[in-house]
Amino acid sequence: NVPESVRITGHIDVQTLRASLQLVGQRHESLRTRFVKGSSGELQVVAETASIPVRERDVWTGLAQETERWPRAPPGRYAAALRQEAAREGLALVQEEEAAPFDLYQGPMIRVLVVHTGPRECYMVLNAHHAITDGWSQEIVLSELWQAYACLRGGSPVQLGEVSLQYTDYTAW
């Protein structure tokens, strides 16, 4: 796995994140790749359209609702403990995602997890199999993802540079 995990403070629009990820997926063949077993070994199959799953987990809301059940507790008394517990649970989910296996033959070979750990805080994990990416390429994907996200959130057209080299070009070389 080649996971990239980031902590986000502020509002995250998961629908816009999904749309941004699909745009980036359309640009890069490797993000639409899976493998099939052929007579001479594994063969790369590139899907026509991107279908990159984005899962959401909200540990904050459940914990916050639990503390509301304690009517005698002074307001804010458990706020620090609540934030700490949400962060602990959130990081456990991040680590679980980072280690989760991929199915090379079913795909997709990339996925995203967003874990809400506060009213305006979350962790995002972009996780891909090493067969379709490396650390350097993952940085390009993240950069394009945030550029597309900013454009879509701001209502402006998404204008990303031309992709001059696909993964298949690199492997052929």
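For the numbers below, each heavy atom of this structure counts, side chains included, while hydrogens, waters and symmetry mates do not.
Inspection of the Ser143 and Gln147 side chains reveals an N or O donor paired with an N or O acceptor under 3.5 Å.
In this structure, His129 contributes its side chain and Ala131 its backbone to a donor-acceptor pair below 3.5 Å. Checked by atom type and distance alone, the side chain of Arg34 pairs as donor or acceptor with a backbone atom of Tyr105 at under 3.5 Å. Counting only distance, with no hydrogens or angles, the side chain of Asp13 and the backbone of Arg153 share no donor-acceptor pair below 3.5 Å. Here the side chain of Asp134 pairs a donor or acceptor atom with the backbone of Trp136 at under 3.5 angstrom. Side-chain atoms of Gln22 come within 3.5 Å of backbone N or O of Ile52 as a donor-acceptor pair. The main-chain N or O of Val2 is found under 3.5 Å from a side-chain atom of Gln138 such that the two form a donor-acceptor pair.
Looking at Pro53 and Pro108, their side chains come closer than 4.5 Å, going by heavy atoms from C-beta outward. No side-chain heavy atom of Asp58 sits under 4.5 Å from any side-chain heavy atom of Glu56. Between Leu126 and Leu21, some side-chain heavy-atom pair lies under the 4.5 Å cut-off. Side-chain atoms of Leu17 and Trp146, non-hydrogen and from C-beta on, do get closer than 4.5 Å to each other. Here the side chains of Leu145 and Met124 are in contact, with some heavy-atom distance below 4.5 Å. Side-chain contact between Arg57 and Glu89 is absent, with no heavy-atom pair separated by less than 4.5 Å. Ile132 places none of its side-chain heavy atoms less than 4.5 Å from the side chain of Phe102.
Rounding to the nearest 0.5 angstrom, the gap separating the NE2 atom in His28 from the CD1 atom in Ile140 is 7.0 Å. Between the CD atom in Glu97 and the CG atom in Asn1 there is a gap of 7.5 Å [rounded to 0.5 Å]. Atom CG in Leu31 sits 10.5 Å away from atom CE in Met109 (nearest 0.5 Å). In this structure, CZ on Arg88 lies 10.0 Å from CG on Leu93, to the nearest 0.5 angstrom. To the nearest 0.5 Å, atoms CD (Gln26) and CD (Glu48) are separated by 8.5 Å. Note: Asn127 CG to Leu113 CG = 9.0 Å, rounded to the nearest 0.5 Å.
Between Arg83 and Glu121, none of the side-chain N atoms (NZ, or NE/NH1/NH2) sits under 4.0 Å from a carboxylate O, so this pair counts as no salt bridge. Ion pair Arg32/Glu29 not flagged as a salt bridge, since none of the NZ, NE, NH1 or NH2 atoms sits closer than 4.0 Å to an Asp/Glu carboxylate oxygen.
Linking Ile, Leu, Val, Met, Phe, Trp and Tyr whenever their side-chain heavy atoms come within less than 4.5 Å puts Ile110 and Val112 in one cluster. Under the 4.5 Å side-chain heavy-atom criterion for grouping Ile, Leu, Val, Met, Phe, Trp and Tyr, Ile8 is connected to Val141 within one hydrophobic cluster. No chain of hydrophobic side-chain contacts below 4.5 Å, direct or via other Ile, Leu, Val, Met, Phe, Trp or Tyr residues, connects Val24 to Leu152. Hydrophobic clustering, with ILVMFWY side chains joined whenever heavy atoms are under 4.5 angstrom apart, groups Val14 together with Tyr149.
In Glu42, the CD atom is crowded: over 12 heavy atoms of neighbouring residues, nucleotides or ligands sit closer than 6.0 Å.
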Next on the checklist: Let's go through Val125 and Glu98 carefully: what are the C-alpha distance in whole Å and the side-chain angles of both, what is the deciding distance for side-chain contact (heavy atoms from CB on, under 4.5 Å) to 0.1 Å, and is it a yes or a no?
Outcome noted: CA-CA 7 Å; Val125 183; Glu98 289 176 342; 4.1 Å; yes
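The two residues Ala148 and Ser20 come nearest to each other via the heavy atoms C-OG, 3.6 Å.
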